Amino acid sequence: NAMATMHHVIHSHPAPVRSLNPAVPDYLCAIVDRCLAKDPARRYQTAAEVAEDLAAGRARPAPSMTGPDPSTYVFTKTDLQRNLFRIPLH
């Protein structure tokens with residue numbers, strides 16, 4: 001029901017990005033966390049700010065990956081339904 005959904009969105013926190021894909025780099029986790037912040041003042045105010053942080057993060061050398069090899073990912077039906085594609089971003 002709509003009220004339960006709104007309550008859940010307002011009072012719960014999203015799953016950490018790394019719980020969905022351990023290969024996501026630190027900078028991208030921080031960007032996603034900021035985009036999903038409950039307090040609007042903590043979120044990006046413009047798309048340009050997001051683009052700037054994405055560009056800065058991609059410019060840094062990627063640390064050695066400790067998670068699973070991204071080339072071995074298999075898309076499950078659930079991944080496709082939820083649009084949770086496991087694409088390495090580095």
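Owing to the predicted nature of the structure, the values given are computational and were not obtained by experimental measurement.
- Note that CG of D33 is 9.5 Å distant from CG of L28, once rounded to the nearest 0.5 Å.
- Across every non-hydrogen atom of V50 and I31, the tightest pair is CG1-CG2, 4.3 Å.
- The shortest non-hydrogen separation linking P40 to K38 is CD-O, 3.2 Å.
- Under the rule for a side-chain hydrogen bond (donor to acceptor under 3.5 Å, both in side chains), H11 has no partner lying at least two apart in sequence or in another chain.
- Between the side chain of R34 and the backbone N or O of C29 there is no donor-acceptor pair closer than 3.5 Å.
- The environment of CD in E49 is crowded: more than 12 heavy-atom neighbours from other residues, nucleotides or ligands sit within 6.0 Å.
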Practice item. List the steps, then state whether side-chain contact (heavy atoms from CB on, under 4.5 Å) holds for D26 with R18. Key: CA-CA 9 Å; D26 290 336; R18 287 237 172 84; 2.5 Å; yes

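- Under the rule for a salt bridge (charged side-chain N to carboxylate O under 4.0 Å, His left out), R42 has no partner lying at least two apart in sequence or in another chain.
- Nearest heavy-atom pair, Y44 versus C35, reported as atom, atom and distance to 0.1 Å: CD1-SG, 3.7 Å.
- The structure places OG1 of T5 at 10.0 Å from CE of M3, a figure rounded to the nearest 0.5 Å.
- To the nearest 0.5 Å, atom CE of residue M6 and atom CG of residue N1 are 8.5 Å apart.
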